[in-house]
Each structure stands twice: as structure tokens, then as C-alpha cells.
Amino acid sequence: MATGMGKWSETKDATEGTQKICDQVKDQVEKQTGKKYRVYTAVKYRIQIMAGGTNYLIKVDVGEDYDHLSVNQPLVGYQVSPSLSGVEQHQTKDAPLMPFVN
């Protein structure tokens, strides 16, 4: 659970909602990485609540290894889809989800 605005939550198991966010940014991820993913399953995530929306760090199983995604979801009501902020490729199953800059 997040401990307050601006703080990152603990790492949690992915949910249907987390997978939906991943699916919405899949095209952006494939464009940035230059890959077409057959396996693309959210497994873990963390959130950071901000005034303008929610930031997500999501660990995605992409088959041979894991990618970490940084995604921004604007506040409900803005009618804007989530946007990819960055991707860290070639991560391991046990690599911690840590904020990063791409």
C-alpha cells in the first residue's frame, strides 16, 4: 500500500487492471524495444500516487526474460490512455522494481 502521495508502494502481484494497463502500452513498448512480443504478461507492480495521476512500475514476463515498464496513468476523467515513460529490458524474475529514468 502506498504510504502517501509521492511515495512508492510495496511490490504487489499483478492484477487484471495491471495487465490492462500493460496491454494499452504494448504497442509503445514494442516500438521502443524493436520487438514483437508473443508472451507479454504482467507479474508484479508498484504504484506512486501523484497529483496528476498514478505512476506504475510493472514487471512483465516477455518469454526469455522480464522487462520493467514505467507507465503514467492520468487521473480518471481526462480520457487519456496510459503512456509509457520507459522500459528496462533483460531483467530477471527476482530483480527488484525500482524507479528508473530512460
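Bear in mind that the values here come from a model prediction, so they are computed numbers and not experimental data. Heavy atoms only: backbone and side chains are in, while hydrogens, waters and symmetry mates are out.
- No single ILVMFWY cluster, assembled from side-chain heavy atoms under 4.5 Å apart, contains both Y56 and M50.
- A donor-acceptor pair is defined here as one N or O able to donate and one able to accept, closer than 3.5 Å; no such pair exists between the side chain of Q24 and the backbone of P82.
- By the neighbour-count criterion of 12 heavy atoms within 6.0 Å, atom CD of E16 is sparsely surrounded, having that number or fewer from other residues, nucleotides or ligands.
- Scanning all heavy atoms of the two residues, the minimum distance from V25 to L84 falls at CG1-N, 4.1 Å.
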Exercise. Can you list the steps and then say if L97 with H68 is a side-chain contact (heavy atoms from CB on, under 4.5 Å)?
Worked result: CA-CA 7 Å; L97 278 170; H68 290 180; 3.7 Å; yes
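- A donor-acceptor pair is defined here as one N or O able to donate and one able to accept, closer than 3.5 Å; no such pair exists between the side chain of K12 and the backbone of I47.
- For the atom pair T11 OG1 and I58 CD1, the distance stands at 12.0 Å (nearest 0.5 Å).
- Using modelled atom types, one side-chain atom of Q48 and one backbone atom of G6 make a donor-acceptor pair closer than 3.5 Å.
- No donor-acceptor pair closer than 3.5 Å links the side chain of E30 to the backbone N or O of Q28.
- Judged by distance alone, with hydrogens and angles left aside, the side-chain atoms of K59 form a donor-acceptor pair with the main-chain N or O of T92 at under 3.5 Å.
- Hydrophobic clustering (side-chain heavy atoms under 4.5 Å, transitive across Ile, Leu, Val, Met, Phe, Trp, Tyr) keeps Y66 apart from Y37.
- The closest donor-acceptor contact from the side chain of Q19 to the backbone of Y40 lies under 3.5 Å.
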